[in-house]
Structure formats: structure tokens, C-alpha cells
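Okay, so here's the structure we're looking at.
Please read all numbers here as calculations on a predicted model, not as lab measurements. Quick note: numbers below take in every heavy atom, side chains included, and nothing from hydrogens, waters or symmetry partners.
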Amino acid sequence: MSRTTSELNAWWAGRVVDELVRTGVNVVCTASGSRCSPLTVAAARHPGITMVRHVDERGLGYLAVGYARATGNAAAVVTTSGTAVANLLPAICEADASRLPLLVLSADRPPELRRTQANQTLHQPGIFGERVRWSDDLPCPSDELPMAYLRGTIDHAVYRARRAPAGPVHLNLMFREPLSGAADYPADPPPGAPHTTYAAAGHAPVDATALLGPLQRGLLVVGELAHDGERAAACSIAKALGWPVLADVASGLRFGGVPEGLEVSHYDLILPREALTSRLDGILHLGGRIVSKRLAGALAACGSAVRILVANHPDRHDPAHAVQH
């Protein structure tokens, strides 16, 4: 016997949420809305999901970005259709710039209601442009579509959000009315692996001795770091080198971790005197961007110093056009 539209919606949304859990995504952030109710109900019923609610989508997006910054894992943001999706753009830009994993699952009207001036309808596919790592427009739930297609799409979306450079991913899911219905999947879905697994890419180490050995008067600059593992590695490098350390506010090292005697506190007050950068022969920059405008300007003025950047992404990070390695 064929299922009704509402039953198909519940079945489809249940499989979406279950596959998210199988990939390790276990936090769903949502605001009120009708079109996204199949996804919201499925997330609320799944024992492996922690639900977080917010009054509006703009705050919801930043909540998910904060979760990614704190844990390194992606949260799924579920929105209803229309301008609710557009309100996520500031958070999308933040996740893009900071390379933080983020999953946006936007509910949408079916194709026959697109470009018809139906309420709460705008063209959602591609709405975030180049700010997302990947996006896809999923069709309305149907018994004719293989479940491997849906599960594989969810797996790929999570992979693209997490792989370097991490960032936001957008899945646009269409649902026809009536939206709500009884789900036919068990309240406690069996555990299992994702439909598709992705192996993590490896990186070959460079010969750091050849680069750092000849330097006599070096400076260690620590920019934005993603997690405690990177912070511990930065502290180990600082200890091994014994160079002065300028830890940016985004590094997470301002309140401990840097070996005693190496951290230069309040460097924004010292830099105008050029006391730190006038005779450097090397600058090692760990991590992402730095917030301090004075530090960025002082480093840009060190034209003769060898500049080395170590980052966990392949993107260009060199506003002064000074990086040599």
C-alpha cells in the first residue's frame, strides 16, 4: 500500500536525521516553522539527537557556529522556508571565514510552488553562493527514490563540511503538504555506520630543520587556532624554539599554555616602538588570521625576515604578500 504525503515526509525526514547521527552529528538547532516540521519532529524523536531551540534564525546560526568553535564538530541547523533561510547568511559567512563545520538543512516549497509568489517562498537553491563548501537541492520525498541516494547525499554533505578547509554546507529539502504524519521507523533506531565513509586525508611533514635552523632571531606568532590539540602543539613548538611568542586573542593562549618567560603580554602597546620587529630574521606564524591591526602592520614592515606559515587549510592567508614558505 502506498504511503500518504505526510507519511512520506515523516519517513524521509527520519532517515535524514538517522544518517546525521550515523555520521556523528548529534546536535540539531531549530527555530519555529511549519515547512520544516517533518525534520524538527524527526530530530525530537531520535534518541541520539540533542535539540537546541532559538527564537530566530539569525541567533540560531551563530549558536551553531559557537558550538562548532567550541567542539570542532558540526551542528545541523534546521530552518523553515523563505526569509528564514536568508537570515542565516551572517553565520554562514562567519563559518566560511573561520573554517568551521556547519550544516544547514533548509525546508522548501515543492517545485510547483516556486516562482509563483506563494507565501514564504523564495529561490533557496544557491542562496549562499560561494560562501558554502557544497550545496544540493533535494527532491520531495518519494517511494521511487532509492534510500542509498538520500543517505549518500547526507554523508557527502557532512564530509564536505568537515574536510579541510572545513566550512558551511547547505542542503535544501522540499516537502509537500500535508507536512506532518506518523513515522514508520522505530523510536530507537539501530546503531550502524554511514552509507558512505570517507577516509581522512593525510599530510606529509616538511623538513622544519632546514627552514628554521639558520634563523637566529625569530618570532613566533600564534593566530586563530581551532581546538585544544592545535593549542597544545603550538605550545610544544614554542618550548622547542625558545622564541618570543605573540599570541593573538583568537589563539586561545592568552590565559595559559605558553612556556613561562616566552609570552609577550600587551604587545599592542609595545609594537609602535618597533622593539620586537626591527631586527628579526624569521617569523613563524601558526594558525589562522590575527585580529590585532597593529601586529599585522608591524609584521608587514619586516620585509627582510623569512616568513613561514603553518595552517590546517590550503587557502591563501597572506594579506601582506610576505609569506615565503
Side-chain angles (χ1 to χ4, degrees), residues 3 5-68 70-71 73-82 84-85 87-88 91-92 95 101-108 124 135-136 138-141 147 150-159 161-162 168-195:
R3 283 177 278 204
T5 298
S6 60
E7 289 171 340
L8 277 172
N9 290 339
W11 170 74
W12 187 264
R15 267 59 185 190
V16 169
V17 172
D18 185 48
E19 196 65 20
L20 287 175
V21 172
R22 290 171 186 265
T23 65
V25 176
N26 50 27
V27 172
V28 171
C29 306
T30 186
S32 60
S34 174
R35 189 64 53 170
C36 63
S37 58
L39 291 169
T40 303
V41 171
R45 293 186 72 239
H46 200 293
I49 288 289
T50 298
M51 291 283 291
V52 181
R53 297 172 179 83
H54 202 280
V55 294
D56 67 81
E57 287 77 13
R58 184 180 172 93
L60 189 72
Y62 277 111
L63 189 153
V65 168
Y67 173 81
T71 67
N73 196 14
V77 177
V78 172
T79 75
T80 191
S81 61
V85 186
N87 279 318
L88 292 177
I92 289 286
L102 178 67
L103 289 167
V104 172
L105 276 61
S106 60
D108 199 0
Q124 295 174 196
S135 64
D136 201 4
L138 277 68
C140 293
M147 189 47 50
L150 179 62
R151 295 184 61 193
T153 300
I154 300 299
D155 296 338
H156 188 72
V158 175
Y159 164 68
R162 288 173 173 163
V169 165
H170 177 209
L171 291 180
N172 193 59
L173 297 96
M174 292 183 279
F175 292 101
R176 286 192 174 92
E177 294 184 355
L179 297 169
S180 59
D184 65 346
Y185 62 96
D188 294 303
H195 176 73

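- With sequence neighbours excluded, the residues satisfying side chain to side chain donor-acceptor pair (under 3.5 Å) with S81 are R109.
- Of the possible polar contacts, none joining the Q124 side chain to the N172 backbone as a donor-acceptor pair under 3.5 Å is found.
- For the atom pair OH (Y62) and NE2 (H54), the distance works out to 12.0 Å, reported to the nearest 0.5 Å.
- Side chain of N73 to backbone of G24: a donor-acceptor contact under 3.5 angstrom is found.
- The distance from the CG atom of L173 to the CD1 atom of I154 is 6.5 Å, given to the nearest 0.5 Å.
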Evaluation steps, side-chain contact (heavy atoms from CB on, under 4.5 Å), between I49 and V27: CA-CA 6 Å; I49 288 289; V27 172; over 6 Å; no
Test log, rule side-chain contact (heavy atoms from CB on, under 4.5 Å), inputs T50 and V28: CA-CA 6 Å; T50 298; V28 171; over 6 Å; no
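- In this structure A64 satisfies the side-chain contact (heavy atoms from CB on, under 4.5 Å) test together with C29, A75, V77, L102, sequence neighbours excluded.
- Atom OG of S37 sits about 8.0 Å away from atom CG of N9, to the nearest 0.5 Å.
- Within the 4.5 Å cutoff, the side chain of L20 has no heavy atoms near those of the H46 side chain.
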D56 vs N87, side-chain contact (heavy atoms from CB on, under 4.5 Å): CA-CA, chis, key distance, verdict: CA-CA 9 Å; D56 67 81; N87 279 318; over 6 Å; no
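- Rounded to the nearest 0.5 Å, atoms OG1 (T40) and CZ (R45) are 13.5 Å apart.
- A157 approaches V169 most closely through the heavy-atom pair O-CG2, 3.6 Å.
- Residues D155 and P194 approach most closely at OD1-CB, 3.5 Å, considering heavy atoms.
- T5 is not listed as a side-chain neighbour of F175, based on a closest heavy-atom distance of 4.5 Å or more.
- When all heavy atoms are compared, the tightest approach of L105 to A76 is CD1-CB, 4.5 Å.
- Closest non-hydrogen pair, V52 versus L60, comes out as O-CD1, 4.3 Å.
- Here the straight-line distance linking atom CG of L88 with atom OG of S106 works out to 8.5 Å at 0.5 Å rounding.
- Residues W11 and M147 are in side-chain contact: their nearest non-hydrogen atoms beyond the backbone lie under 4.5 Å apart.
- T79 approaches C36 most closely through the heavy-atom pair O-CB, 3.3 Å.
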Trace of the side-chain contact (heavy atoms from CB on, under 4.5 Å) decision for L171 with L138: CA-CA 7 Å; L171 291 180; L138 277 68; 4.0 Å; yes
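- Counting all heavy atoms, side chain and backbone alike, A31 lies closest to E57 at CB-OE2, 3.5 Å.
- Judged by distance alone, the side chain of E19 and the main-chain N or O of G14 form no donor-acceptor pair under 3.5 Å.
- L179 is not listed as a side-chain neighbour of S6, based on a closest heavy-atom distance of 4.5 Å or more.
- Contacts classified as salt bridge (charged side-chain N to carboxylate O under 4.0 Å, His left out) and involving residues 169-179 (residues at least two apart or in different chains) are given here: R35-E177, E112-R176.
- Ion pairing between D18 and R22 holds under the 4.0 Å rule for side-chain N and carboxylate O.
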